[in-house]
There are 2 protein chains.
Amino acid sequence: MASIKDVAAEAGVSVATVSRVLNDHPSVSADARTRVLAAVETLGYRPNAVARSLRTDQTHTLGLVISDVMNPYFTELARSVEEEARALGYSVIIGNADERPDLQDHHVRTLLDRRIDGLLVSPTDGGSPLMLDAARAGTPMVFVDRWIPGVDVPVVRSDGRGAVRDLVAHLHGLGHRRLAIIAGPAATTTGRERVEAFREALAAYGLDLPDAYIGQGDFQAESGRLVTEGFLDLAEPPEVVFAADNLMALGALDAVRARGLRVPDDLALAAFDDIRWFVHTDPPVTAIAQPTGELGRAAVRALVDRIEGRPGQSVTLPARLVVRRSCGEDPTPVQRSTT
Amino acid sequence: MASIKDVAAEAGVSVATVSRVLNDHPSVSADARTRVLAAVETLGYRPNAVARSLRTDQTHTLGLVISDVMNPYFTELARSVEEEARALGYSVIIGNADERPDLQDHHVRTLLDRRIDGLLVSPTDGGSPLMLDAARAGTPMVFVDRWIPGVDVPVVRSDGRGAVRDLVAHLHGLGHRRLAIIAGPAATTTGRERVEAFREALAAYGLDLPDAYIGQGDFQAESGRLVTEGFLDLAEPPEVVFAADNLMALGALDAVRARGLRVPDDLALAAFDDIRWFVHTDPPVTAIAQPTGELGRAAVRALVDRIEGRPGQSVTLPARLVVRRSCGEDPTPVQRSTT
DNA sequence: CCCGTCGATGTAATCGATTCCACGAGCGCG
DNA sequence: CGCGCTCGTGGAATCGATTACATCGACGGG
């Protein structure tokens with residue numbers, strides 16, 4: 001592969017001049033410029049980004065460590081992150097943690113080794129030493145969706161509290177009184193928060209959230225299935241299950257179907273995260289929709305701000321309830337998700 | 001951030017010795033080794049991958065350019081690719097082409113600029129000059145799922161021909177005679193092949209595939225919706241629609257639902273690519289399942305073989321039909337996808 | 001007419017690693 | 001006792017860019 005030296009030789013100038021042309025530095029003669037450009041053309045030269053990065057100490061690359069690529073929510077997040085980053089002149093390297101702290105650390109480590117300019121993380125756990133060190137060492141960082149409390153890093157997320165209240169109002173209005181939740185890992189902020197929001201919303205209606213109605217999941221489908229089976233085995237099973245993410249809702253559907261039961265007659269279902277398929281499931285699933293694309297874009301903007309020396313804002317956007325039929329027939333017409 | 005010089009100074013040896021320890025070269029004394037390791041520890045030193053790559057001309061990184069991250073098929077492919085690559089000591093940088101040739105070229109270009117060791121591509125079009133040049137220039141490359149004819153690059157894909165025949169047999173057995181297809185872009189191999197396989201399978205039953213029953217889609221949901229609307233507006237609409245990928249099937253469901261019609265009574269539906277949600281849609285969707293994980297792993301193995309100087313095998317794996325209820329009630333019991 | 005300035009260019013240092021080569025110490029063998 | 005190996009080590013070149021600094025010619029003003 002042709003290097004800058006080859007171009008310099010071909011154009012009959014020094015490498016400095018070639019570099020100046022390529023970075024359009026003002027003081028280059030029109031003549032030299034055209035000769036260099038011609039040489040670049042004939043050699044098919046492309047600058048070596050590795051060498052450039054070594055010298056300038058910038059990679060124009062962002063790292064994105066997400067909890068699970070197979071989760072449509074994160075997949076959409078990744079897409080909007082890449083889009084916004086591209087618009088701002090950055091590339092994105094995605095690391096998939098699969099909800100495993102060890103994998104998360106692996107990716108953070110290799111991303112740092114690559115000297116990415118900044119890191120976007122949706123932490124799988126409460127904060128490994130590695131991540132805490134990175135934050136303290138001054139690596140530009142932004143948390144998306146989930147965060148680690150007590151770390152001085154901007155957080156871009158959505159607040160589901162209002163939507164959860166709306167959901168509980170909806171469920172209560174349909175006559176449901178025994179409400180259960182499939183929670184995410186307690187080590188994650190979203191895992192804890194969604195349970196808390198649910199509990200508070202229930203309390204407003206004088207309802208309790210007994211321990212037996214809190215199933216411990218891990219944001220993956222299989223755990224949703226297992227927890228739901230547990231609920232169905234209770235002497236007094238819940239009337240509604242609220243899954244803290246879309247994959248656990250999928251698992252819940254698996255469990256219900258495996259027993260030959262029906263949603264919502266035998267068990268009603270609602271989910272956090274709205275995805276396109278929820279419109280077409282049997283029945284369509286009532287869900288809480290996050291402004292995913294906006295989150296991704298805001299996160300990139302915050303991170304690039306930090307990288308380029310500007311402050312970097314935390315952002316919290318509201319989520320909203322999308323009512324469908326999985327909790328029972330509703331007086332209002334079925335709404336269509338715009339995710 | 002500490003560099004190899006700092007480590008050398010701390011350990012009281014030269015940078016050469018530090019490098020030897022880090023790459024466990026045999027001729028280093030036990031004493032020097034422990035001192036270096038201690039220095040590495042106290043400084044929290046990590047080698048700069050950028051500098052290392054510049055010198056060794058290897059990045060231990062694979063580029064993966066996929067057609068659409070929002071498509072669960074590609075998302076699963078990406079996951080298995082990353083997994084296998086990690087097992088073999090490589091990282092993966094994913095580029096999302098969103099079915100747009102210009103975006104695809106953008107990602108190929110930046111990946112080459114980064115000097116990735118090899119490229120895994122599922123081409124969105126018939127082959128841009130850039131990609132052809134890259135292949136000719138000797139960049140280790142492997143095509144996954146889709147490929148570009150006439151280019152000497154291993155191809156890892158699945159053959160749906162047999163499964164399509166099974167599908168047509170199933171449809172014919174249910175009494176359907178007017179069968180339509182939502183095709184993918186003619187510029188892609190999978191776009192063309194699936195139509196051809198369908199046409200051939202129909203011919204075996206003496207059935208025709210008229211032009212009016214070939215809708216031109218682009219592998220995205222919206223095109224599936226539009227094509228399906230077109231079919232429904234025909235004087236003699238088809239009885240069955242076969243969508244050439246899962247997203248266009250989603251669009252077809254949107255169209256059917258928007259008109260207040262039912263699957264399969266008003267229009268039967270089948271799809272290429274099986275995804276988990278098809279089990280829970282209304283009704284569950286009959287689909288052709290590819291061995292996605294195996295494809296991803298085989299592709300990485302082929303690519304790494306090429307990178308490391310071994311031949312690199314093309315691989316073709318069979319797809320299989322998974323019958324559910326979206327084409328009408330079937331005598332056999334509902335099967336469960338194991339995707 | 002000379003000197004200072006500015007514009008265009010080249011030389012060389014530098015980024016952080018790897019690796020070839022040279023060198024000195026220690027050791028075995030004749 | 002000395003020759004030649006091997007082993008451990010350091011010095012320095014190198015990868016491909018960027019960029020500070022030096023240089024040189026032309027030009028304008030005093």
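Lettering of chains follows the sequences in order, A, B, ..., and the numbering in each one begins at 1.
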J.: Suppose we screen for side chain to side chain contact (heavy atoms under 4.5 Å, CB included). Which residues come up paired with A:Ser19, at least two apart in sequence or across chains?
T.: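 Here the qualifying residues are A:Ile4, A:Asn23.
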J.: Listed by chain and number, what are the side chain to side chain contact (heavy atoms under 4.5 Å, CB included) partners of A:Glu41, not counting sequence neighbours?
T.: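 So A:Glu41 forms no side chain to side chain contact (heavy atoms under 4.5 Å, CB included) with any residue.
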J.: Nearest-Å distance, NE2 (A:His25) to C1' (C:dG10)?
T.: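 It works out to 13 Å between those atoms.
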J.: Is there any salt bridge (Lys or Arg N to Asp or Glu O under 4.0 Å) pair reaching into residues 46-74 of chain A, and which pairs are they, with sequence neighbours excluded?
T.: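 Matches after skipping sequence neighbours: A:Arg46-B:Asp113.
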J.: What are the two closest non-hydrogen atoms of A:Pro123 and A:Met131, and how far apart are they?
T.: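 Heavy atoms of A:Pro123 and A:Met131 come nearest at CB-CE, 4.2 Å.
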J.: Of all of residues 26-44 of chain A, which get a heavy atom below 4.0 angstrom from DNA chain C, listed by number?
T.: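 By residue number: A:Ser27, A:Val28, A:Ser29, A:Ala32.
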J.: Please list all pairs passing the salt bridge (Lys or Arg N to Asp or Glu O under 4.0 Å) test where one or both residues lie in residues 19-34 of chain B, with sequence neighbours left out.
T.: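 Passing the test, one end in residues 19-34 of chain B: B:Asp31-B:Arg35.
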J.: Going by the rule side chain to side chain contact (heavy atoms under 4.5 Å, CB included), which residues pair with A:Val315 if we only count those two or more places apart in sequence or in a different chain?
T.: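 By the side chain to side chain contact (heavy atoms under 4.5 Å, CB included) rule, A:Val315 matches A:Val156, A:Ala298, A:Leu317.
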J.: Could you list all the ring pair (Phe, Tyr, Trp, His ring centres under 6.0 Å) pairs where at least one residue sits in residues 56-87 of chain B, not counting sequence neighbours?
T.: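 Found B:His60-B:Tyr90.
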J.: Between the two end axes of the helix from C:dC1-D:dG30 to C:dG30-D:dC1, each built from 5 base pairs, what angle do you get to the nearest 10°?
T.: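 The end axes of the helix from C:dC1-D:dG30 to C:dG30-D:dC1 are about 60° apart, to the nearest 10°.
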J.: For residues 14-50 of chain A, pull every pair meeting ring pair (Phe, Tyr, Trp, His ring centres under 6.0 Å), keeping only residues two or more places apart or in separate chains.
T.: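 Counting only pairs at least two positions apart or across chains, no ring pair (Phe, Tyr, Trp, His ring centres under 6.0 Å) contact touches residues 14-50 of chain A.
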J.: Can you pull the salt bridge (Lys or Arg N to Asp or Glu O under 4.0 Å) pairs that have at least one residue in residues 90-103 of chain B, sequence neighbours excluded?
T.: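 Sorted result for residues 90-103 of chain B: A:Arg79-B:Asp98, B:Glu99-B:Arg146, B:Arg100-B:Asp102.
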J.: If the condition is side chain to side chain contact (heavy atoms under 4.5 Å, CB included), which residues does B:Leu132 pass it with, not counting sequence neighbours?
T.: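 Testing B:Leu132 for side chain to side chain contact (heavy atoms under 4.5 Å, CB included), a comparison that skips the adjacent residues, returns B:Arg136, B:Ile148, B:Val151.
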J.: How does each nucleotide of nucleotides 13-20 of chain D score, in 5' to 3' order, for protein heavy atoms under 4.0 Å: base (B), sugar-phosphate only (S), or none (-)?
T.: BBBBBBBB
J.: Using whole Å, what does the distance between atom P of nucleotide C:dA8 and atom CG of A:Asp24 come to?
T.: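 Computing the A:Asp24:CG to C:dA8:P distance gives 14 Å.
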